[in-house]
> 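Sharing a structure with you now.
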Amino acid sequence: MQTRCVFCGIVQGLKPALRVYEDDRVLAFLDIHPSTPGHTLIIPKVHEARLEDLPEEDAAALFRALHRLVGRIRAAVDAPASTVGINNGPESGQEVPHVHIHVIPRSSQDRGGIVQGI
Ligand code: AMP
Ligand code: ZN
């Protein structure tokens with residue numbers, strides 16, 4: 001397997017990460033610069049920059065992992081809500097060119113906005 005980006009390096013165990021979930025197609029780990037406590041990234045193990053280019057099986061596995069994790073992430077940091085989002089392409093703010101879902105625990109005290117507040 002090629003190390004095509006920093007997230008591939010994490011998948012391969014070549015770069016450190018605080019891993020919170022793994023299955024045969026998906027890995028989740030804490031964001032290194034969390035927007036709020038518990039900010040987690042869920043990624044497919046396969047390298048693909050854009051969601052639309054991901055094989056359907058990996059996209060399905062990614063959403064299955066999201067469904068499994070989103071409530072547990074929120075509960076782990078005792079947050080009442082969460083924001084779930086994908087920056088899909090550089091013009092949307094995507095910096096790491098490997099598909100990733102942000103799960104960001106939210107509370108009424110944080111200063112964040114709505115995901116569609118572009
Ligand atoms: P995006 O703008 O959607 O590409 O966001 C990339 C996210 O990856 C940012 O929130 C970064 O803080 C996070 N990130 C970058 N490198 C690492 C890393 N080595 N481990 C964990 N998170 C990372
Ligand atoms: Zn990659």
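In this chain, numbering begins with 1 at the start of the sequence shown.
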> Report yes or no: do Leu54 and Leu69 belong to one cluster of Ile/Leu/Val/Met/Phe/Trp/Tyr joined by side chain heavy-atom distances under 4.5 Å?
yes
> Any side-chain to backbone donor/acceptor pair from Arg106 onto Ala79? Under 3.5 Å, distance only.
no
> Please report the closest heavy-atom contact between Val70 and Val84, naming both atoms and the distance.
CG2-CG2, 4.1 Å
> Please find the pair of heavy atoms, one from Pro37 and one from Pro105, that lie closest to each other, and give the distance.
O-CG, 3.3 Å
> Can you tell me how far apart CG (Asp58) and CZ (Arg25) are? Round to the nearest 0.5 Å.
5.0 Å
> Check the surroundings of atom CD1 in Ile118: do more than 12 heavy atoms from other residues, nucleotides or ligands lie under 6.0 Å from it?
no
> Without swapping roles, check the side chain of Asp78 against the backbone of Ala75 for a donor-acceptor pair under 3.5 Å.
no
> Once rounded to the nearest 0.5 Å, what's the spacing between atom OG1 of Thr83 and atom CZ of Arg74?
12.5 Å
> Would you check, one step at a time, whether the test side-chain contact (heavy atoms from CB on, under 4.5 Å) holds for Arg68 with Asp23?
CA-CA 11 Å; Arg68 286 177 181 167; Asp23 64 36; 4.0 Å; yes
> CG of Asp31 to NE2 of His39: how many Å apart, nearest 0.5 Å?
4.0 Å
> Find the distance between CG (Leu18) and CG (Leu41) and round it off to the nearest 0.5 Å.
11.5 Å
> Output, in order, the C-alpha distance, side-chain angles, deciding distance and verdict of side-chain hydrogen bond (donor to acceptor under 3.5 Å, both in side chains) for Glu95 and Asn87.
CA-CA 8 Å; Glu95 290 185 353; Asn87 297 319; over 6 Å; no
> Answer with yes or no whether the hydrophobic clustering places Tyr21 together with Val77; edges join I, L, V, M, F, W, Y residues whose side-chain heavy atoms lie under 4.5 Å apart.
no
> Using a 3.5 Å distance criterion without hydrogens, assess whether the side chain of His100 forms a donor-acceptor pair with backbone atoms of His98.
yes
> Take atom CD in Glu52; do more than 12 heavy atoms of anything else shown fall under 6.0 Å from it?
yes
> Please tell me whether Val96 and Ile43 are part of a single hydrophobic cluster in this structure, the criterion being side-chain heavy atoms less than 4.5 Å apart.
yes
> Supply the atom-to-atom distance Leu66 CG to Ser82 OG, rounded to the nearest 0.5 angstrom.
8.5 Å
> Quick check against the 3.5 Å criterion: does Thr36 have a side-chain atom that pairs as donor or acceptor with the backbone of Ile104?
no
> Does Arg50 offer a backbone N or O that forms a donor-acceptor pair with the side chain of Glu48 under 3.5 Å?
no
> Checking Lys15 side chain against Cys8 main chain: does a donor-acceptor pair fall under 3.5 Å?
no
> Kindly give the heavy-atom pair with the smallest separation between Ala65 and Ile42, and that separation in Å.
CB-CG2, 4.1 Å
> Check Ala49 against Asn88 and note the closest heavy-atom contact, atom names and distance.
O-OD1, 4.4 Å
> For the CZ atom of Phe63 and the CG atom of Leu51, what is their distance to the nearest 0.5 Å?
10.5 Å
> Has the side chain of Ser92 got a donor or acceptor atom that lies under 3.5 Å from a matching backbone atom of Pro90?
no
> Test your reading of the model: is there a side-chain donor-acceptor pair from Arg19 to the backbone of Ile10, 3.5 Å cut-off?
yes
> Between Phe7 and Phe29, is the ring centre distance below 6.0 Å?
yes
